[in-house]
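Here's the structure, in structure tokens; my notes come after.
As the structure lists them, so they are numbered: ligands from 1, and atoms in each ligand from 1.
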Amino acid sequence: MNKIFCAAALGLFSVASVAQTTINIDAKKPGAAIPSTLYGIFFEDINYAADGGLYAEMVKNRSFEFPQALMGWTSFGHVDVRNDGPFERNPHYVRLTDPGHGEKRTGLENEGFFGVTVKADAEYNFSVWARSADQKESKIRVEIINPASMGESQVLAHQDITIIDNGEWNKYKITLKPKQDVQRGRLRIFLVGKNGVDLEHVSLFPADTWKGRENGMRTDLAQALADLKPGIFRFPGGCIVEGTDLETRYQWKNTIGQVENRPLNENRWHYTFPHRFYPDYYQSYGIGFYEYFLLSEDIGAEPLPVISCGLACQFQNRNDDAHVPVDELQPYIDDALDLIEFANGDETTKWGKIRSEMGHKAPFNLKYLAVGNEQWGKLYPERLEKFITAIRAKYPKIKIVGTSGPDSEGDKFDYLWPEMRRLKVDLVDEHFYRPESWFLSQGNRYDNYDRKGPKVFAGEYACHGKGKKWNHFNAALLEAAFMTNIERNADVVEMATYAPLFAHVEGWQWRPDMIWYDNSRSVRSCSYYVQQLYSLNKGKNVLKTTDAKGKPLAGNDGQNGLFASSVVDADGSIIVKVINTSDENQKISLNVSGLKKKALAGVKVTSYTSDKLDADNTLDNPEAIVPTTSSDAASGNVYNATLNAKTFSVYRFEVK
Ligand code: AHR
């Protein structure tokens, strides 16, 4: 028995049926084309999304550049931190020298991100830059240990590395294969013998990274992104683009080139919420703009970088004093222009050459650029205008994304939308983290938007469940309901991205989030499955979808909490999405007109429901609530169905 019927049979919902609702789908005149970018993803390094998350590096503070140089490390014996290392922008390194007496040890241990977590018999690539400290050959031992081992030995894998005595820095690499799993392991390195050694950029990666790349990404997390088949990929933030102050804003030029020489930046999320304080959360930029562009290409999404507009975070600078004067904006504007060149320029250009030398000869074909994140007030348009003038002059085809501020409505929003129209941006970014009631009330949000003005980018949104801002099925269901409005208005909404994307269960600052993980497992939330149902059933053109009175189904009076939208796909299939947000099972009649001589010829129904509205998938039970698909016969032009309470169903009709 399918889960839905099972839930109803058990009486878990109130099962009184209301009258049948007719849903008219007009297949005669397909409407607006669905933009390829409509459903996408937004990545920000929040909740340990990059370091400690998607970025597969397992060593925290690998370059000893945290303000407390040994944060993340425990040292023993004679360890000195020095600052004249081989990498100009990350100059710190450690010197290990003989503690005296043959049995004493000098070395350090790294705690990783919430532990160094390894699997038995898997391979891990260790590398280090090293130099003999005494002009004599020296040796280090590298171990993966389980400090809490109850067995005979703590050591799960080990290998020695001989450091040659040429006085030069060299990169050394070994592969370690632990004999047991450990969740809260550590990486230990110590001196063997009397001769000292200098160590810099200590790194440990699983050999199995996504697409087998060096400096790569966690396979399960990158695959979860690819499985969403996103059309747009917004990065790298969010608030981290702006910085708490201008010095700590995200500067893309610091994130490219050799990883060893990408300077560390703070991560504002380490201190933004005092009740979720993570003093060891920094940005190594191991995933930088080159990697973001590459990831966009790999997952088939258009890249959408966001750059600083010269305003530091206005939430954190309430007196609006952390900004660049308008007449001093040129370096920021140059960063924008150079970024376009980095992405699209050929090898004869300065930045195109750098991209090519990093390994990507062909341009990334950047089409969109967002200037600023959640900015507001007059300070924003007066700066944005300067960027627009410069970008339009040099790169007229680039689509510029402006913002409507941090709120879905209100003063800031009402001021900025007309300003964005005046400045003729191509898209306006809207953000809404809102409760259930808001999502239920917004089914017509875009129906009356100005079709001649800029397009909409719903760049950050999520339903925050009552009181607890926590992932659960009901929030996902209401996101699905809201998305019918996005789909129906695909002529004005060009892209939409849920936020935030990732969260480490031990290191989150913000919830709900789309994908959760610990160091060895990950789980796709109900919101993930809703996003995926939309992106996998995106279709080609919108079809007019109305109730018996000719009104869009947006959960309004007389519509019994039903939301619906539909599209026609390239192969002629008709895809209808219906969400029953009510507590009652409902009979629906999908009435497809305009099929000419053709008729419905079978339907695949994918349904998403849960008998527990406040539940979600978990690391221990990652498939607790997943969509189920069944097939049914369909003929003529009408299909009658019962849509159970609190259910999102996607009907994909074959048409012959
Ligand atoms: O997604 C989390 C934060 O929410 C983003 O950084 C910011 O743009 C918004 O306030």
Atoms in ligand 1 flagged as close to [X], the criterion being non-hydrogen separation under 4.0 Å:
X	result
Gly238	5 (C), 6 (O), 8 (O)
Pro500	1 (O)
Asn373	7 (C), 8 (O)

Kindly indicate whether the side chain of Tyr461, heavy atoms from C-beta on, has any atom under 4.5 Å from the side chain of Met483. yes
Hey, does Tyr292 have a side-chain heavy atom less than 4.5 Å from the side chain of Pro236?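 In short, these two side chains touch, coming nearer than 4.5 Å.
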Going by the rule ring pair (Phe, Tyr, Trp, His ring centres under 6.0 Å), which residues pair with Tyr380 if we only count those two or more places apart in sequence or in a different chain?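 For Tyr380 there are no ring pair (Phe, Tyr, Trp, His ring centres under 6.0 Å) partners, ignoring immediate neighbours.
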Are Arg445 and Phe432 in a cation-pi setup, meaning NZ or CZ lies under 6.0 angstrom from the ring centre and within 45 degrees of the ring axis?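 The answer is yes, since Arg445 meets both limits relative to Phe432.
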Protein residue, atom and distance nearest to [atom], heavy-atom basis:
atom	answer
atom 1 (O) of ligand 1	Tyr433 OH, 2.7 Å
atom 10 (O) of ligand 1	Glu374 OE1, 2.7 Å
atom 6 (O) of ligand 1	Glu44 OE1, 2.5 Å
atom 3 (C) of ligand 1	Glu460 OE1, 3.7 Å

Close N or O approach (Phe315, ligand 1; < 3.5 Å): no
Kindly compute the distance separating CD1 (Ile515) from CG (Leu221), expressed to the nearest 0.5 Å.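 The CD1 atom of Ile515 sits 7.0 Å away from the CG atom of Leu221.
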Only counting residues at least two apart or in another chain, list the ones meeting side-chain contact (heavy atoms from CB on, under 4.5 Å) with Asp426.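 By the side-chain contact (heavy atoms from CB on, under 4.5 Å) rule, Asp426 matches Arg392, Lys399, Ile400.
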Mutual orientation of the aromatic rings belonging to Phe364 and Phe293 [parallel < 30°, tilted 30-60°, perpendicular > 60°]: parallel
Where's the contact between Trp269 and ligand 1, heavy-atom distance under 4.0 Å: side chain, backbone, both or neither? side chain
